[in-house]
Each structure stands twice: as structure tokens, then as C-alpha cells.
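First the structure, in the form of C-alpha cells, and then the observations on it.
Just so we're on the same page: letters track the sequence lines, and every chain starts at 1.
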Amino acid sequence: MRYKEIIMACFNVISHLNSHSPHRLLPPKPKPARLICSLALNPSSTTTTTTANSNNNNRIQSLCKQGNLNQALQLLSAEPNPTQLTYELLLLSCTRQHSLSDAYTVHSHLSDNGFDQDPFLATKLINMYSELDSIDHVRQVFDKTRDRTIYVWNALFRSLTLAGHGEEVLDLYRRMNRTGISSDRFTYTYVLKACVASNCSSTLLNRGKEIHAHILRHGYDASVYVMTTLVDMYARFGCVTYASVVFEEMAVKNVVSWSAMIACYARNEMPFEAVELFREMMLQTCDTYPNSVTMVSVLQACAALAALEQGKLLHAYILRKGLDSILPVISALVVMYAKCGKLELGQRVFDQMDKRDVVSWNSLISSYGVHGYGEKAIQIFEEMINQGVSPSPISLISVLGACSHAGLVEEGKRLFKSMQRDHKMRPGVEHYACMVDLLGRANRLDEAAKIIEDMRIEPGPRVWGSLLGSCRIHCNVELAERASKRLFELEPSNAGNYVLLADVYAEANMWDEVKRVKKLLEARGLQKIPGRSWIEVKRKMHSFVSVDEFNQPFEELQALLIELCSEMKEKGYMPQTKVVLYDLDDKEKERIVLGHSEKLAVAFGLINTSKGETIRITKNLRLCEDCHSFTKFISKFANKEILVRDVNRFHHFRNGVCSCGDYL
DNA sequence: GTAGGGTTAG
């Protein structure tokens, strides 16, 4: 029933998008109440009943609540008997002021007054040092505390997990179990998080499974918090089946549990399932409504699928529920529209925001980037800075990526320099990867290789992968061999790298080498990822996989393609068969490239869309040169606008020309 | 006294 309601609301969203003035269906939410209680200090009301001593404590406490830490500390130095509550409020105040030096003052004062063995204050101290990013002090406080209650242990686990010291938490958790203290529901959430806090190795997954067993044994499978954390842990390990089993078996589910499972599908490249589960949530639950977090995950899934119609329904729902003042939601909406090929709608959503953060700006920058509008992306980047928003590392990745897509080499180099000089940011591996991509694609491979040589940090697989990708475009065998040698060491099970190298050899007609690489791929038990394309027709997604043979389900489409192909050949289309990794004759190669998933999707789109309707296709890999050239011809021949989003960027085909300027 | 899910990139 509620799902129908959303469909109805779709009409509202269209009218909303057509009007430029911000328009909300619900009033904006009131701001959250201030955390600091602003009790006014009123000495006259307390002096009559209390001693001078406790009055001093009261005054310190009130000053803390008012946020006047300096004065509170002055009074503290004259106070001979501070109470536990006084210290508690002082520590809280240090956290709020983010003052490590004041924290030391209070800490040593408290030790001098014999409170250093108070487990309550030890918990507070640990939490404070954690907030102040001083993990050494966290450990120190824990080590000195003799009476380690479960609160003390939990505070330690929480702090270390937040700081990314997952493995340390798991070691300490063993130690805790040996001391005989039992875990509570808080402990389980922290240690489960600790399993994914560092790297996601199989050892840590096994620890997670062990903890799962403890949870069942101790009856904590009734806790929604614990079980939701468990779903999330499996999700982060990519164990989608485990996550869904835990989720299905949960007796009680709330919005967070549903969101965790939807996010699990979204982040594990199962956007279909994410959208399906969202639908189920809307239909099944009576008291659980999706919130902003849920919406972000479903929007991501729609973006991945380029499911524009579904995305518009979500937009309608967001407006109806007043979630359109929440920044992450709006950023996700901008990205959704852009990735569905509706850049102008994304821009409009952005324009209607009354406040923006760096993520909102980054969303817009990258949106223009993937559509190939490099100069516009740079302009937005500069506007962001002019408006006083400091760029984040991702801003730079977005804008450098935009330069790369548009072939703006000099601008990219300028931005890379200014990143270090003007924004005082140290380039990370990702930034170097962008630069290698930028130079490499522009056929400045030697410069790209030089960047890698001069790097002050270890070049990771991203960097070498960018170089190898560029070598494939420009068929540089020698450099491709160098890059792939490193890549095979760094990520031996990434099939894509082997395929790229084989592509380079194939193009250079080095068929023995092609065979050798293919054997290597097989020997390691890997498979080439099959090409897959999606198209949304009447709110339904259709998926196509590349086929080598003429076969049943796609017979009609293939027949159409053969016909189109021969007609277009007369008009000058030349099949680009060099992308085929088999040493076959041209006729056979032509047949193989005609079975590529993207061409099947185009054919399906031609049959199933009305005149003047744009065909929108998403693809899991990069567009091959033949599909690119074929689609350009089709767009002119059939007078159709075709939008293809590959794994990397957008290609907008119109009248025989592509928006990427053949810069694949 | 402590707790669970989501933002932007390539």
C-alpha cells in the first residue's frame, strides 16, 4: 500500500523539479537541543543550606556546564575536596573544548586526590582521551586501573576500535575472557566492529564467526543492536549470504537492521537486491519507515543501476518525508541523477540546497567529470574554494579525474601542484593514480612513468593499474610488461590486469604471449569478467551478458544486429576486431564483437523505446572500441540519442558523435 | 555511564 503512495508522489517530484524555488512538503526539523545544559549559576540559592566546600564544587560544576572551563580550573586549584561529579563534568568539558592540555591538568589533579583508581572516572578518562585522539593515554589509563569493570573494558574496546586498532582489541578481548568477566551487548558490538576495523583478512573473518558463536551461546541474538552489527560485519567482509541469513533470522528488525542489509547489497555490487529489499521493507513493515540513511543506500543502488524512474520515486519520497534538508541525502540525489545521465536534474537539486558541505560540492564536481565536462568541473572546484569551503582529498581526486576524462593535461598538472602548495595537502596514492591516468591517457607515458619513479610513497595497485590501462590504449608493450609484473605481485587474483596485458599483446599481434597470459590466468583459477549491460525500459531493468555464440534468448536481437551491421558497413562502419583475444580470421572476430552485451542492449533499446526517447545503458566494464564506434554509427543511422555509462564515465551519442570525443 | 546502518572518487 505504501509503495503505491510513493508512486503517486512521483508526480509531485516532477512538478518540484520543474519549479526553481525550494519547496518543501514538511516544515524543516527543529534543531537538536543543545547538549550543554545552560543552568545559570545562582550562588544565593545554595549558600544557605550547604557548606562553603560543597558550594565550591557546585560552582565548578556549573562553570563546566556553562562551558567556562578556564574559570572552573582556577576554582579547582583552590578546592581541597573535589567530588567524583566535579571531575566527571571537568573531563566532559575538556572533551567539548577539545583541550588536551586541560585534560592533563584535570587528570593529574584527580590522581593527586586519590581518584585514579575509581573505575567510573577511568571510563570517563578513556572516553575523553579517545575523543581527543590520544590513544596512548587511553592505554595508559587502562593499564593503571586495577578494578576493570565491564564499563572500563568496553570504553577501551570502543576507543581502540574507533582508532582503527582492531587486532589489538581482539587480543585484549581474549585477555578479558580469561579474566572471567563476561561480555555484555556493548562488548559484542565493539569487538564485531574491531574485526573490520583494520584490514579484512580471513583470520579476522574467522574471529568474527567465533564471536558470532559466542553471541548465540549467550543469548545475545535477541539484541537488535548486536545482530545489526553482525549483519554489518559480514557485509564489510563481502559475505553477503552470511549477512542475509543473520538478517532473515532476526526476530525483531528495525530501520537500522533493514538499512544495514540494504547497504550490504549496495556496497557488494548487488544493486538489484538492494532496491528489491527496499521495496520489501516498504511493503512488509508497518512501523518501520526508511530514514535518511536508508535513502542514501537505495539512491546509491539506483545510481549504480542507472534506474532513473526508480530514483525519481525515491526523490518524491524524500520530499514527502522532509528528508531533503539532510546533506548526505541531497549529495546522494545529485549523484543519482548524474549517474542516470540527468546531469541537469542533479545540478538543479544542488542549486536548491540552502547549505552545502564539501561532500555536496564533490558530488557535483565528479558528476561533471564523468560526463566529460572537465572545464566546468574545474570551475565548480574553484567556486567552492571562493565560497570558503576547503577542498578535501576527494575534491582533488574528483577534479583531477575530470581533467583526465577531458584530456586537460596542463590544468591537471596545475591543480596537482596547487594541491600541495596552496592547500597544503600531501598527495595520496589515489592522487598519483589520477596523475598517471591523466598523463598516460594523453599518450605521455614517459611522463606518467616518471611520476611513479618520483613518488615519495609506495605506488599501490591503483597507480600501476592506471599505467597499465594507458599502455593498453596506446599499445606500449614494454611499459605494460613492467606495470603488470608489479600488479601480478600486488594483486595476483585481479583478473582484469591479465586481460589488459593480453589486450596489449593481441593488438601487437603477439599471439604466443596472449596464450601465455591466458594460461597464467587459468593456472591461478581466475576468469575474465564477462561483459554485462543493463537497460531500464518502463521501470524494469533488463540485463545482457556478452555471448560468443549465436544463441537462443537473444536470437531476435542478434538478427537485428547483423542486419544493422551490414547496412552500416555500406555507410562506412568498420568493425574494430582488434579487441578480440583469439587469433581468428576477421569474419569470426566480427561475429564475436557483435555479441557484446552493450550492442545487445542497444538493439533491445531500439526495439523497445519510442521515437525521440533516449536509450540509457549501464555497463560493468569499459566500453570497447568497437561498441563505441558501432554506437556512434547507430545514433546517426537510427536517429537515436544513446547514453552509455561504462565503469569509468559517460558516453553521450548523438548524430554520429560521442561526448567523450573518442577519448575512451 | 557505553550501542547498530549511510554521504563524495577512480
Side-chain angles (χ1 to χ4, degrees), chain A residues 84 88 91-92 119-124 126-127 130 149-159 161 184-190 192-193 223-233 235-236 243 247 250 253-264 266-267 274 290-301 303 323 326-336 338-339 356-367 369-370 377 391-402 404-405 428-434 436-438 461-463 465-466 469 647-649:
Chain A
Q84 191 196 46
E88 184 194 351
L91 294 176
L92 199 63
F120 178 89
L121 287 178
T123 309
K124 293 289 171 191
I126 290 174
N127 288 335
S130 165
T149 60
I150 190 66
Y151 287 100
V152 176
W153 281 103
N154 286 348
L156 175 75
F157 292 156
R158 176 176 176 269
S159 308
T161 302
D184 65 7
R185 60 191 194 281
F186 295 95
T187 322
Y188 286 121
T189 59
Y190 300 138
L192 286 174
K193 272 189 163 298
S223 162
V224 184
Y225 279 93
V226 173
M227 296 317 269
T228 304
T229 315
L230 199 51
V231 169
D232 184 58
M233 181 203 73
R236 286 171 201 270
F247 176 76
M250 281 173 75
K253 293 178 184 125
N254 62 17
V255 58
V256 183
S257 336
W258 284 92
S259 306
M261 195 59 221
I262 292 169
C264 169
R267 67 164 54 201
N291 61 17
S292 62
V293 180
T294 329
M295 298 318 283
V296 170
S297 290
V298 202
L299 283 170
Q300 280 178 318
L323 299 172
I326 296 168
L327 288 178
V329 174
I330 303 299
S331 300
L333 259 179
V334 171
V335 172
M336 184 277 293
K339 288 199 172 170
R356 295 166 186 139
D357 64 359
V358 68
V359 179
S360 335
W361 285 97
N362 292 351
S363 307
L364 196 68
I365 294 168
S366 63
S367 296
V370 286
S392 70
I394 292 180
S395 315
L396 265 302
I397 293 171
S398 308
V399 73
L400 290 175
S404 182
H405 290 312
V429 186
E430 290 90 350
H431 300 101
Y432 283 109
C434 286
V436 170
D437 192 64
L438 175 74
R462 282 265 128 84
V463 177
S466 294
V647 71
N648 208 23
R649 62 167 299 158

Pair of N/O donor and acceptor under 3.5 Å linking [N] base with [X] side chain:
X: A:N254; N: B:dG4; answer: yes
X: A:S259; N: B:dG6; answer: no
X: A:N291; N: B:dG5; answer: yes

Between [options], which one does the side chain of [X] approach most closely?
X: A:Q300; options: B:dT7, B:dA3, B:dA9; result: B:dT7
X: A:T123; options: B:dG4, B:dG5, B:dG1; result: B:dG1
X: A:K193; options: B:dT2, B:dG4, B:dT7; result: B:dG4
X: A:E430; options: B:dA3, B:dG6, B:dA9; result: B:dA9
X: A:R185; options: B:dG5, B:dA3, B:dG1; result: B:dA3

Inset, instruction - Show your working on side-chain hydrogen bond (donor to acceptor under 3.5 Å, both in side chains) between A:T229 and A:D232 and close with a plain yes or no. - result: CA-CA 5 Å; A:T229 315; A:D232 184 58; over 6 Å; no
If I take atom [atom1] in residue [X] and atom [atom2] in nucleotide [N], what distance separates them, rounded to the nearest angstrom?
X: A:I126; N: B:dG1; atom1: CD1; atom2: P; value: 17 Å
X: A:H431; N: B:dT8; atom1: NE2; atom2: C1'; value: 12 Å
X: A:L230; N: B:dG5; atom1: CG; atom2: P; value: 12 Å
X: A:H405; N: B:dG10; atom1: NE2; atom2: C1'; value: 8 Å

Inset, instruction - Verify the contact: side-chain N or O of A:S292 to OP1 or OP2 of B:dG6, cut-off strictly under 4.0 Å; return yes or no. - result: no
Inset, instruction - Identify which one of A:D357, A:L364, A:N362 satisfies the side-chain contact (heavy atoms from CB on, under 4.5 Å) criterion when paired with A:S360. - result: A:D357
Inset, instruction - Start with the C-alpha distance between A:T294 and A:N291, add both sets of side-chain angles, then the distance that settles side-chain hydrogen bond (donor to acceptor under 3.5 Å, both in side chains), and finish with yes or no. - result: CA-CA 5 Å; A:T294 329; A:N291 61 17; 2.9 Å; yes
Inset, instruction - Mind checking salt bridge (charged side-chain N to carboxylate O under 4.0 Å, His left out) for A:K339 and listing every partner two or more places apart, or none if nothing turns up? - result: none
Inset, instruction - Evaluate whether the aromatic ring of A:Y225 and the six-membered ring of the B:dA3 base sit under 5.5 Å apart, centre to centre, with an inclination under 30°. - result: yes
Inset, instruction - Remember a base hit wins even if backbone is also touched, and classify A:T294 as base, sugar-phosphate or nothing at under 4.0 Å, heavy atoms. - result: base
